[in-house]
Amino acid sequence: MKKGILDLLKDRKVKITNERREIISVLEKAKYPVSPANVYRRIDTKLPKVHLTTIYRSLEMFERLGLVKRTIFNTTNFSYEIVVGRPHHHHVICKQCEKIEDLENISEKFIEEVSKKTKFRIENHTLEFFGLCESCLKGTH
Ligand SMILES: [Zn+2]
Ligand SMILES: [Zn+2]
């Protein structure tokens with residue numbers, strides 16, 4: 001069976017608290033990256049509320065462990081998504097309606113170019129595309 005994020009946390013000897021379990025469950029249900037404030041809002045209302053600071057700290061820890069990735073959409077907002085068991089991808093983001101779509105299987109040839117130019121060994125990258133979606137362009141929302 002494919003290892004989930006909870007198994008990977010166990011492997012890394014991270015204690016799985018109820019709060020962490022709830023945060024992961026929100027991320028697992030999400031189709032697109034979620035901001036810490038949205039994780040907070042989406043936690044099941046039947047469960048005791050998790051403090052927003054705990055959400056920030058847990059997400060940062062998951063990121064250090066390489067389990068989630070942080071995406072910066074503008075100067076004030078950033079969101080997280082689970083990367084475990086998912087192919088590498090980018091996003092297209094509509095600046096008007098804030099729609100986000102995944103973008104997979106695009107040419108990654110630029111990595112080679114960056115490597116050549118800088119003599120760096122590139123280990124990862126973040127690349128997001130901003131613009132206007134088709135509905136916003138046509139005004140058909
Ligand atoms: Zn749009
Ligand atoms: Zn890429």
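The figures here come from the full heavy-atom set of this structure, side chains too, leaving out hydrogens, waters and symmetry mates. Counting starts at 1 for both ligands and their atoms, in listed order.
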Open item on the list: Quick check for you: with the Zn ion (ligand 1) as the vertex, what angle do SG of Cys94 and SG of Cys97 span, to 10°?
Closed with: 110°
- [ ] Measure from the side-chain N and O atoms of Ser58 to the backbone N and O of Thr54, and report whether any donor-acceptor pair falls under 3.5 Å.
- [x] yes
- [ ] Considering just N/O/S atoms, say which atom of His88 is closest to the Zn ion (ligand 2).
- [x] NE2
TODO: Would you please classify the geometry between the His90 ring and the Phe129 ring as parallel, tilted or perpendicular, with 30° and 60° separating the classes?
DONE: perpendicular
Task: Other residues, nucleotides, ligands: >12 heavy atoms within 6.0 Å of Lys49 NZ - done: yes
Open item on the list: If you round to 10 degrees, what value do you get for the angle at the Zn ion (ligand 2) between His90 atom NE2 and Glu108 atom OE1?
Closed with: 130°
Open item on the list: Can a donor-acceptor pair be found, under 3.5 Å and without considering hydrogens, that links the side chain of Ser115 to the backbone of Phe120?
Closed with: yes
Task: Metal site angle (apex the Zn ion (ligand 1)), SG from Cys133 and SG from Cys136, 10 degrees - done: 110°
